[in-house]
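See structure below.
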Amino acid sequence: MAHTLSPAMQEAAFAKLGLDACYLPLELHPRDFLAVAKKFRHTPLAGFNLTVPFKEAVLPYLTGLAPEARAVGAVNTVKRVGSGFKGYNTDCFGFIRSLREAGFRIRSKRAVLLGAGGAARACVYGLLREGIREIVILNRHPEKAMKIARHFKAMDRGGTLRALPLRDSYLKEALGSADLLVNTTSVGLKQDDPVLVRPAVWPERKLWVVDLIYNPATTPLLAAARKRKCRTLNGRAMLLYQGAAAFEIWTGRRAPVKAMRAALENSLGAS
Ligand code: NAP
């Protein structure tokens, strides 16, 4: 939480539009969440963001859920509505907008996702909504990948879903026909983290490789992808656009994306 970039981004947006608002970071133990949320009922709080482990834990306390939050099963943005709180998931919008901005066309493509946490679920939802043809989810604990595949298959959103253990043989087979590889795991946050795609596993074809990690800008996976002349994208634009979507939910105003991007880059430069 000490390194959260959201306050800089949101406060830049408030300043740009001349809104009398502030965005404060608050670190809570899960057991204190309910008591603190109750206290906020008596303040002019418009809403808040949540991160792990609250994205799912908050669900029972909400009085409404936006369709994408219901589908993903996780909330990262909460808006006060009357005396209650409505949950949204802006990660899926941020992810899709960042892909579109980079120039990747999703419709009828094949994607491979590494990881099966909350971010993976948001990506799966966004990709299916945009008409992806196939998603293969590989995870260290494969039962979590299977759970996601079952969940979205039951929603029948079109697109084929497969779940596999994160092993070289499965990854090689999946990458052989993929157009897009997305790392949704936290592997790569540290420069000495391993590259989950080992040299023998990379396919001949040129993939798009996306890493949701936004700091460092170039993870070991993205560095390896660039060596193979793949197009790459880090998680910075996703972070920006999930924040812009949250701003619009809270304020009903169009987010000043340019000012938010400048604040984000400034904070990342300083971090
Ligand atoms: P999460 O729910 O905790 O999931 C973490 C995932 O990483 C799980 O699939 C986990 O596998 C996998 N993992 C962790 N360590 C691993 C290892 N050593 N080897 C293989 N797999 C490993 O976290 P999350 O919320 O989905 O976030 C995941 C990443 O996305 C984080 O780096 C986060 O910063 C990033 N993110 C970025 C944005 C953005 O706006 N750019 C938004 C959301 C998240 P197991 O299930 O097997 O443990």
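Computation of the quantities below employed the complete heavy-atom set of this structure, encompassing side-chain atoms and omitting hydrogens, waters and symmetry-equivalent molecules. One-based numbering, in listed order, for ligands and for the atoms of each. The shown structure was predicted, so the numbers you read here are calculated from the model rather than taken from an experiment.
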Run the side chain to side chain donor-acceptor pair (under 3.5 Å) check on Asn89 and Tyr125 step by step: do they pass?
CA-CA 10 Å; Asn89 188 307; Tyr125 173 80; over 6 Å; no
Could you name the protein residues that come within less than 4.0 Å of ligand 1, counting only heavy atoms, and order them by chain and residue number?
Val52, Asp91, Gly115, Ala116, Gly117, Gly118, Ala119, Asn139, Arg140, His141, Lys144, Thr184, Thr185, Ser186, Val187, Leu212, Ile213, Tyr214, Gly235, Met238, Leu239
Check whether any side-chain heavy atom of Arg226 lies under 4.5 Å from a side-chain heavy atom of Thr232, and answer yes or no.
yes
Hey, are the side chains of Val124 and Arg121 touching, using non-hydrogen atoms and a 4.5 Å cut-off?
no
Any side-chain heavy-atom pair from Leu138 and Leu113 closer than 4.5 angstrom?
no
Can Lys79 be said to sit on top of Tyr88's aromatic six-ring, NZ or CZ under 6.0 Å from centre and within 45° of the ring axis?
no
Does Leu181 reach the side chain of Leu175, with side-chain heavy atoms less than 4.5 Å apart?
yes
